[in-house]
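This one's a predicted model, so the numbers in the text were calculated from it and none came from an experiment. Counting from 1, the numbers follow the sequence of the chain as shown.
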Amino acid sequence: QVQLVESGGGLVQAGGSLRLSCAASGRTFSSYVMGWFRQAPGKEREFVAAIRWSGGSTYYADSVKGRFTISKDNAKNTVYMQMNSLKPEDTAVYYCAAALYYSTNYNFPNTYPYWGQGTQVTVSS
């Protein structure tokens with residue numbers, strides 16, 4: 001099994017920046033994919049970004065492309081998401097997720113069997 005712990009959330013003014021971290025422990029594989037999702041009150045959980053360990057390919061939701069950057073530290077089994085130019089609509093609980101194998105459904109929550117507890121990001125206007 002895999003355990004995920006998110007950190008780095010907080011309150012920030014519109015236009016500001018935050019960096020989220022997700023530390024993974026337990027069984028991992030070379031084809032691991034890790035992603036970030038977010039969920040605002042009354043809304044479905046939505047895909048934000050994902051990264052593959054093999055090759056480091058990255059994927060972004062259109063709503064965050066150009067503002068958010070996902071990266072990883074292989075030695076630490078940690079994924080990061082740098083969030084710049086934050087907007088009030090980015091306010092949500094952000095969840096880290098992991099899957100043992102990559103698929104083209106990286107933007108689908110059911111692809112990920114392992115989830116962290118979430119970290120709150122609040123962007124004020």
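Between Thr69 and Gln82, the side chains place no donor N or O within less than 3.5 Å of an acceptor N or O (distance only, hydrogens not considered). Looking only at atom types and distance, the side chain of Ser17 has a donor-acceptor partner in the side chain of Asn84 under 3.5 Å away.
Not a single salt bridge (charged side-chain N to carboxylate O under 4.0 Å, His left out) links Arg45 to another residue, sequence neighbours left out. Under the side chain to side chain donor-acceptor pair (under 3.5 Å) criterion, Tyr94 pairs with Arg38, not counting sequence neighbours. The side chain to side chain donor-acceptor pair (under 3.5 Å) search around Tyr59 returns Tyr102, not counting sequence neighbours.
The backbone N or O of Pro109 lies less than 3.5 Å from no partner atom in the side chain of Thr111, so there is not a single donor-acceptor pair. At distances below 3.5 Å, at least one donor-acceptor pair connects side-chain atoms of Asp73 with backbone N or O atoms of Lys76. A donor-acceptor distance shorter than 3.5 angstrom exists from the side chain of Tyr60 to the backbone of Ile70, with no hydrogens or angles considered. Put simply, the side chain of Glu6 gets close to the backbone of Gly118: a donor and an acceptor are under 3.5 Å apart. With hydrogens and angles ignored, the 3.5 Å screen pairs no side-chain donor or acceptor of Thr91 with any backbone N or O of Thr122. Ser21 places no side-chain N or O within 3.5 Å of a backbone atom of Tyr80 that could act as its donor or acceptor partner.
Leu11 and Val93 end up in different hydrophobic clusters when Ile, Leu, Val, Met, Phe, Trp and Tyr side chains are linked at under 4.5 Å. Residues Phe108 and Val64 do not share a hydrophobic cluster, clusters being chains of Ile/Leu/Val/Met/Phe/Trp/Tyr side chains in contact below 4.5 Å.
Across Asp90 and Arg67, no two heavy atoms sit closer than the pair OD2-NH1, 2.7 Å. Minimum heavy-atom separation, Gln13 to Ser124: OE1-OG, 3.3 Å. Across every non-hydrogen atom of Leu86 and Leu18, the tightest pair is CD1-N, 3.9 Å. Closest of all the heavy-atom pairs between Tyr112 and Met34 is CE2-C, 4.4 Å. Nearest heavy atoms, Tyr32 versus Ala98: CE2-CB, 3.1 Å. Ser125 approaches Pro88 most closely through the heavy-atom pair CB-CG, 3.7 Å.
Ring centroids of Phe47 and Tyr106 are separated by less than 6.0 Å, placing the two rings close together. Between Trp36 and Phe68, the ring centre distance reaches or exceeds 6.0 Å.
The only member of Thr78, Thr58, Asn77, Ile51 that meets side chain to side chain contact (heavy atoms under 4.5 Å, CB included) when paired with Lys72 is Ile51.
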